[in-house]
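Quick caveat: nothing in here was measured; it's all calculated off a predicted structure.
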Amino acid sequence: MKGRFHPKNDRSLNQSGNESIRDVIDRMGMKRRRFIMTTVGTSALTAIGKVSIGGFLQTVEAAPIPSSVGFQGIGFESIKPNLRKPNSEPPVLEKDLVSVPNGYTAKVLIAWGDPITPKAPIWAPDATQDAAAQEQQYGMHSDGMHFFPLPGRQFLNRVNRIDGSYYTGQTYNSGILCVNHEYTQESILHGSEGLSATTNVTIAKVRKSQAAHGVSVFEVSKARFGNDWTFEPKSQYGRRITGNTEIRVSGPAAGDALLKSKKFNITPTGSIEIGVNDGYTAYGTLNNCANGYTPWGTYLTCEENFNGYFANPNTDVVPTPGLEDRTADIRNTQRRYGIPAASTTYRWPEVDPRFNAYTNPLETHLFGWVVEIDPYDPDSKPVKRTALGRFKHESAQYVVDDNNRVAIYMGDDEVNEYIYKFVASRPFDSRRIGANRDLLDNGILYVAKFNADGTGEWIPLIHGQRGLTAANGFRNQAEVLVKTRQAGDRVGATMMDRPEWTAARPRINGFQEIEVYCTLTNNSRRGTTPASSNSPDGTTAASGSRPPVDAANPRPSNLYGHIIRWREDGRRVDTNTFKWDIFLEAGDSTRTESNFQGNINGDDMSSPDGLWFDDFGRLWIQTDHAGNGTGNLVNIGSNTMLAADPNTKEVRLFLTSPTDCEVTGITSTPDGKTFFINIQHPGDSGDAANPRLTSNWPASQGYGPSNRPRAATVVITKNDGGIVGT
Ligand code: FEO
Ligand code: CA
Ligand code: CA
């Protein structure tokens, strides 16, 4: 099974299933026949006459996918999946590599532990360095990221671009990368000693773990000749934001009593209680999963499974002075957000009282936000933007409409949770970039309701409306935001199959709609019995429901996931209504449990997660499943990155990955010629005694020493210097 250390709510399904029928049926042939049947039709096949199916297929498959409205085509052919090495035990894949199509190169740029600030030491391959070193080095288990061009702040405002021409006249040879570090694998973070459920946890280990979380900001540049990129550890932009960095809290919930947790002096040897926080200050950002960015040149990092760092073994919490009447409600909110009885993976609460959710319950309210970072100003303080709501944030995709209204689209990644959008009150000012600095502090947060007839409603989460009243536990707008999940319960939002990334289609080449896509990675509880729904009174524990199938989430025990998309009515982001459809259902076209609805055109996949449009209208999909080619994944193999045509839904496989890893995080230079992607938790079946049990990546791909696998950022270029995907 995948990801022994991966946050539980992020763990994808991998049911052991029937024996592979790969040996019986030529899978690729099957898929290709399917492709032909769905795109060409039987009459056209009949008309082929003497041309063999094989010959015809070759012609079709070799052809580029042509450009069409809003889409500039795909020029590469699908590569072969990276399947399990026959009979390997523990299971490993045939290639411990990142592979891309002929004509492309994938090269590791930077890996866990590499120095990104002038003070940083070189990484020690035995992983014996301490928290102070890790605080200056690229963190662990990289996830979402974004490239910000240098030499100056660029506002990449899509509404000002016509046919992508903004990008064609200029090449970009340097920039700042912001990279999220979602979580840590404690068993290989702490050298040969590791950390398990039974070994001794120390404050030194916890501090190192906290330092390996958060965000890395560092400069990258391209060599004068060729396509090679390197990172620059001496750059003025290099900095780490960790699980302990001081962060400003802003927006409607800032200063509220619910955010005034205990204040600690955080030192290398312990956390010493020194008073109470002011509600405008937080320490650290955690479980930084995916991301967003803004047209005013800032980075958005999203806090996902923050619950796993806390623990509360009791059925109540220590009352907070002034909030005594809220004690039961605060404990209920911990359940609604999945605060566990014990932090079995990280074990921070055992030595760091800040993360004791029983004695310091309000600290949990300081996580689960979107955090804005200015990469161009290394002295700027990150800001938690409470107006965007508190939940297990996956990503944050902005759209600016023709009225310069700004929306941020977001998913809450847990089974049966919701899709949201935030619409800023003030318009985007493209002439005075500084005027947008606090745009995300004022606006309306909406939650999505998907109707069976293909229409949808954005329901505003405004205090005093639709039952969001004091009588129902929301005494002000701050409480609506701190308890965003319960607000969604109250207004009757649609429970989804784990909303992951959101991606907005560029409005280019004659495509004018505001069209947003969201990956729904899987849901083992959908359609199971006894059926139940999130209670409107907000008392349902995290992932506690078993909703029936519905139009937007049509598969019971949704094993492989799907991608949904919607168009905003009137091409406005501030509309309350939209139209939606299902873009594709993922699966294995040869296996019956996939329960296809017949709309896969191309390569099979499981558990879509990362999702991103390039500036030429190609939809890039990254997957997050077990990544070892076992069970229902025998024909899918590794996690992958694929490109899709948003008009025809044709999908092509672009990238396969090493054993036991996730492919996540994607960004490009604005010219589209360099892609950056992340490989997270390679070989995570290994442990302290045998870190290289199932993977030795990236050393296996020629990067760095080979003591243990490391999460890393990979650069992808086209060998002829062209745009990736063409
Ligand atoms: Fe961290 Fe939902 O992926
Ligand atoms: Ca995931
Ligand atoms: Ca993810």
Side-chain angles (χ1 to χ4, degrees), residues 143-160 172 174-181 214-220 235-241 245-251 254 282 285 288-303 369-389 393-400 404-410 421-443 501-504 573 612 615 665-670 676:
D143 205 307
M145 68 180 151
H146 191 71
F147 177 91
F148 295 89
L150 287 173
R153 187 185 300 271
Q154 309 282 327
F155 40 99
L156 309 175
N157 181 5
R158 287 188 158 157
V159 297
N160 290 336
Y172 291 84
S174 65
I176 304 168
L177 267 188
C178 292
V179 180
N180 285 350
H181 302 292
V215 179
S216 289
V217 182
F218 56 98
E219 186 175 338
V220 292
S235 164
Q236 60 173 313
Y237 297 109
R239 68 164 158 163
R240 280 300 319 283
I241 294 154
T245 301
E246 188 172 330
I247 294 177
R248 184 163 73 86
V249 180
S250 74
T285 181
N288 305 80
C289 186
N291 69 293
Y293 65 100
T294 67
W296 50 95
T298 60
Y299 184 66
L300 302 175
T301 183
C302 303
E303 299 179 337
W369 303 105
V370 172
V371 185
E372 187 170 7
I373 295 168
D374 185 349
Y376 292 105
D377 179 1
D379 298 322
S380 62
K381 196 183 278 190
V383 186
K384 299 206 179 194
R385 301 289 184 190
T386 63
L388 278 60
H393 277 282
E394 180 74 22
S395 78
Q397 168 72 60
Y398 85 85
V399 171
V400 180
N404 282 324
R405 291 280 166 200
V406 181
I408 308 279
Y409 294 87
M410 304 170 285
K421 77 169 172 181
F422 167 81
V423 180
S425 307
R426 283 191 293 116
F428 171 61
D429 187 338
S430 60
R431 286 162 307 214
R432 296 184 307 130
I433 285 303
N436 303 295
R437 187 176 298 121
D438 291 319
L439 206 65
L440 301 184
D441 277 346
N442 292 293
W501 290 47
T502 44
V573 299
W612 177 78
D615 293 311
I666 178 167
T667 184
S668 79
T669 51
F676 302 87

Which pair of heavy atoms, one from [X] and one from [Y], lies closest together, and at what distance?
X	Y	value
Ala254	Thr386	N-OG1, 4.0 Å
His181	Ser216	NE2-OG, 2.7 Å
Ser380	Arg239	O-NH1, 2.8 Å
Pro427	Leu439	O-CD1, 3.8 Å
Glu219	Ser235	OE1-OG, 2.6 Å
Leu388	His393	O-CE1, 3.4 Å

What's the spacing between [X] [atom1] and [Y] [atom2] if we round to 0.5 Å?
X	Y	atom1	atom2	value
Gln236	Ile176	CD	CD1	8.0 Å
Asp441	Phe422	CG	CZ	7.5 Å
Ser250	Lys384	OG	NZ	11.5 Å
Gln397	Lys421	CD	NZ	13.5 Å
Asp377	Thr298	CG	OG1	12.0 Å

Is there a donor-acceptor contact under 3.5 Å from the side chain of [X] to the main chain of [Y]?
X	Y	answer
Glu303	Trp369	yes
Asn436	Phe428	no
Thr667	Phe147	yes

Answer yes or no: is there a side-chain heavy-atom contact under 4.5 Å between [X] and [Y]?
X	Y	value
Ile241	Asn288	no
Leu300	Thr294	yes
Trp296	Leu440	yes
Asn442	Arg426	no
Glu394	Cys302	no

Apply salt bridge (Lys or Arg N to Asp or Glu O under 4.0 Å) to Arg248 and list each qualifying residue two or more places apart in sequence or on a separate chain.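 Partners of Arg248 under the salt bridge (Lys or Arg N to Asp or Glu O under 4.0 Å) test: Asp438.
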With respect to Thr301, which candidate in Asp143, Asn291, Thr285, Asn180 satisfies the side chain to side chain donor-acceptor pair (under 3.5 Å) definition? Asn180
Students often mix this up, so state it plainly: with edges at 30° and 60°, are the rings of Tyr299 and Phe148 parallel, tilted or perpendicular?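 Tyr299 vs Phe148 ring planes: perpendicular.
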Plane angle bin for Tyr237 and Tyr376 - parallel if under 30°, tilted between 30 and 60°, otherwise perpendicular: perpendicular
